[in-house]
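Keep in mind that the numbers below use all heavy atoms, side chains included, and drop hydrogens, waters and symmetry copies. Remember, it's a predicted structure, so these values are computed and weren't measured experimentally.
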Amino acid sequence: MVRATFVMEQHLGHRAYYENLRGFIDGVPGVETTWVPITYSSAKPASPNWINLFPKSLRGTIYGYLQVRAGLRQSPADVLFFNTQVPAALASQFLKQRRYLLSTDITPVQYDQMAPYYGHQRENGGLLSKYKHAVNTRVLQNAATLVPWSSWTRNSLIQDYQVPPERIVTIAPGVDLEKWSPSAYNREGPLRILFVGNDFYRKGGDVLCEAFKTLPANSAELHLVTRTPVEMGENVKIYSNMLPNSPELTALYQSADIFVLPTKAEAFGIAAVEASAVGLPVVATAVGGLLDIVIPNKTGFLVEPGDVTALTNCLHQLAQNPDLRRQLGQAARHHAEQNFDAQRNAQRILELLPKPVAHHYLI
């Protein structure tokens with residue numbers, strides 16, 4: 001029996017990763033799991049009053065530290081699994097005592113490179129910046145195994161943090177392929193284009209809207225899943241209350257003809273994986289983990305960020321060729337089955353833990 005504690009961030013697409021991983025790992029023979037969700041928000045049932053003495057910009061870090069410390073103190077473990085390096089850095093006092101694995105969709109260096117798009121204040125290269133880089137480097141280099149979500153992140157671990165390649169195993173988060181599956185029905189009518197991205201402008205929703213206007217009138221519909229206030233135009237429908245992994249969201253994917261994510265900056269792009277799993281051709285930008293998700297001219301198309309002309313050409317090509325859409329969509333589903341099966345990828349993570357866990361299979 002191996003005791004494993006999973007310390008999991010909950011923001012952005014990481015909550016779905018946590019839910020999928022937990023759903024497929026809990027109850028597996030040979031491993032006793034404890035889960036520590038890290039929200040970086042007010043601890044329950046109550047937060048210490050002294051936290052309010054600190055600036056708001058620091059409170060999230062303090063909450064995270066308290067959550068990590070409480071979770072690790074109450075759950076003895078043989079091995080720790082962190083999703084991302086942030087809670088691992090906050091747990092530094094525990095890392096000398098136990099072996100740990102660390103997964104991440106982006107490294108701090110990559111996050112700094114995308115800082116303008118994420119509203120992130122990039123460090124100015126002073127002493128504080130050097131100290132943070134040293135801490136992150138130590139946390140990453142000392143991990144028994146690093147589990148980047150994409151080859152893009154893997155390359156940064158090697159080049160920016162000098163992590164030996166043999167201690168890196170790339171494992172994407174994946175989705176539940178039984179839930180995210182192609183529709184059995186053939187739909188008729190205007191071309192249905194789907195976009196999913198709460199951060200509408202970073203995800204390139206404005207670029208898509210501009211390209212969409214070039215399609216012949218009433219030949220297509222644009223379905224936008226976003227919480228950003230957006231003006232609804234002709235043949236444009238907005239969904240502002242969709243929940244991740246919900247049946248309503250899955251059904252919306254299954255009713256679409258193509259999926260478009262012309263994001264300006266992206267760590268991974270789980271929405272593109274969901275689209276691939278339901279058999280949609282994907283048009284996305286050649287950034288971050290999307291380079292692993294979309295195979296150009298086989299499962300969809302990749303364009304450069306902000307290139308309205310290239311995106312427009314892709315939309316027109318797909319709109320005029322149903323057979324091409326079908327061919328790309330089938331290849332996208334196959335690619336998802338081979339690389340983004342959340343159940344199989346959870347098993348791969350278990351195989352990285354100490355024996356005897358590797359001999360107990362999920363599938």
Side-chain angles (χ1 to χ4, degrees), residues 9-17 105-106 110-111 114-120 149-150 152 172-173 175 180 192-213 220-233 235-246 248-278 280-294 299-308 310-312 314-315 318 332 336 340:
E9 287 194 336
Q10 301 292 296
H11 60 81
L12 299 176
H14 293 271
R15 180 169 179 80
Y17 178 54
D105 61 336
I106 191 170
Q110 292 173 321
Y111 191 47
M114 294 184 174
Y117 298 102
Y118 282 93
H120 164 59
W149 290 13
S150 67
W152 174 70
V175 296
W180 296 92
R192 297 189 69 166
I193 303 171
L194 177 63
F195 165 92
V196 177
N198 284 333
D199 193 345
F200 185 77
Y201 294 100
R202 175 175 67 81
K203 299 278 188 176
D206 53 333
V207 178
L208 174 56
C209 286
E210 190 172 347
F212 176 73
K213 293 176 183 177
E221 302 171 352
L222 180 57
H223 296 257
L224 305 173
V225 178
T226 183
R227 292 179 183 171
T228 301
V230 180
E231 183 177 347
M232 188 180 300
N235 296 320
V236 176
K237 187 169 183 179
I238 300 172
Y239 308 81
S240 59
N241 297 310
M242 286 286 182
L243 297 176
N245 274 330
S246 66
E248 293 79 11
L249 181 61
T250 306
L252 187 60
Y253 272 91
Q254 291 171 329
S255 70
D257 295 303
I258 63 174
F259 179 81
V260 184
L261 187 67
T263 180
K264 303 175 178 81
E266 195 71 35
F268 185 69
I270 192 66
V273 172
E274 294 167 346
S276 299
V278 300
L280 296 182
V282 176
V283 182
T285 41
V287 297
L290 289 166
L291 293 164
D292 287 354
I293 300 170
V294 181
T299 68
F301 299 109
L302 289 174
V303 299
E304 292 303 313
D307 191 338
V308 178
L311 180 58
T312 298
C314 290
L315 294 185
L318 290 170
F340 305 116

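Looking at heavy atoms from C-beta onward, Met242 lies out of side-chain contact with Val196 at the 4.5 angstrom threshold. Contact check for Leu194 versus Val225: side-chain heavy atoms found under the 4.5 Å cut-off. Val303 is listed as a side-chain neighbour of Thr285, based on a closest heavy-atom distance under 4.5 Å. In this structure the side chain of Phe212 reaches within 4.5 angstrom of the side chain of Val236, judged on heavy atoms. At least one side-chain heavy atom of Ile293 sits under 4.5 Å from a side-chain heavy atom of Phe268. Between Val207 and Lys264 there is a side-chain heavy-atom pair separated by less than 4.5 Å. In this structure the side chain of Ser276 never reaches within 4.5 angstrom of the side chain of Thr299, judged on heavy atoms. The shortest side-chain heavy-atom distance between Cys209 and Leu224 falls under the 4.5 Å cut-off.
When each of Phe340, Tyr253, Phe259 is checked for a ring pair (Phe, Tyr, Trp, His ring centres under 6.0 Å) with Trp180, only Tyr253 meets the rule.
Judged by distance alone, with hydrogens and angles left aside, the side-chain atoms of Glu266 form no donor-acceptor pair with the main-chain N or O of Ala284 at under 3.5 Å. Side-chain atoms of Arg202 come within 3.5 Å of backbone N or O of Ala265 as a donor-acceptor pair. Listed for the Thr226 side chain is a donor-acceptor partner under 3.5 Å among the backbone atoms of Gly197.
Note that OH of Tyr17 and CG of Asp105 are 9.5 Å apart. Values are rounded to the nearest 0.5 Å. In this structure, Asp257 CG and Glu221 CD are separated by 9.0 Å, a value rounded to the nearest 0.5 Å. From Asn198, atom CG reaches atom NZ of Lys203 across 8.0 Å, with rounding to the nearest 0.5 Å. For the atom pair Arg15 CZ and Asn245 CG, the distance stands at 10.5 Å (nearest 0.5 Å). Considering CD1 of Ile193 and CG of Leu315, their distance stands at 5.0 Å, rounded to 0.5 Å. For the atom pair CD of Glu210 and OG1 of Thr312, the computed distance is 7.5 Å after rounding to the nearest 0.5 Å.
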Please evaluate residues Leu249 and Leu243 with respect to the criterion side chain to side chain contact (heavy atoms under 4.5 Å, CB included), reporting the C-alpha separation (whole Å), side-chain torsions for both, the decisive distance (0.1 Å), and the verdict. CA-CA 7 Å; Leu249 181 61; Leu243 297 176; over 6 Å; no

- [ ] Go through Trp152 and Ile106 one step at a time and tell me if the side chain to side chain contact (heavy atoms under 4.5 Å, CB included) criterion holds.
- [x] CA-CA 8 Å; Trp152 174 70; Ile106 191 170; 3.9 Å; yes

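In this structure Lys237 satisfies the side chain to side chain contact (heavy atoms under 4.5 Å, CB included) test together with His223, Tyr239, sequence neighbours excluded.
Closest of all the heavy-atom pairs between Gly204 and Pro262 is O-CG, 3.1 Å. Taking both residues in full, the closest heavy atoms of Val282 and Ala275 are given as CG2-CB, 3.9 Å, listed atom of the first, atom of the second, then distance. Closest of all the heavy-atom pairs between Leu302 and Leu290 is CD2-O, 4.3 Å. Residues Ala256 and Leu280 share a closest heavy-atom pair of O-CD2, 3.2 Å.
Counting non-hydrogen atoms of neighbouring residues, nucleotides and ligands closer than 6.0 angstrom, the NZ atom of Lys213 reaches no more than 12 such neighbours. More than 12 non-hydrogen atoms from other residues, nucleotides or ligands lie less than 6.0 angstrom from OH of Tyr111.
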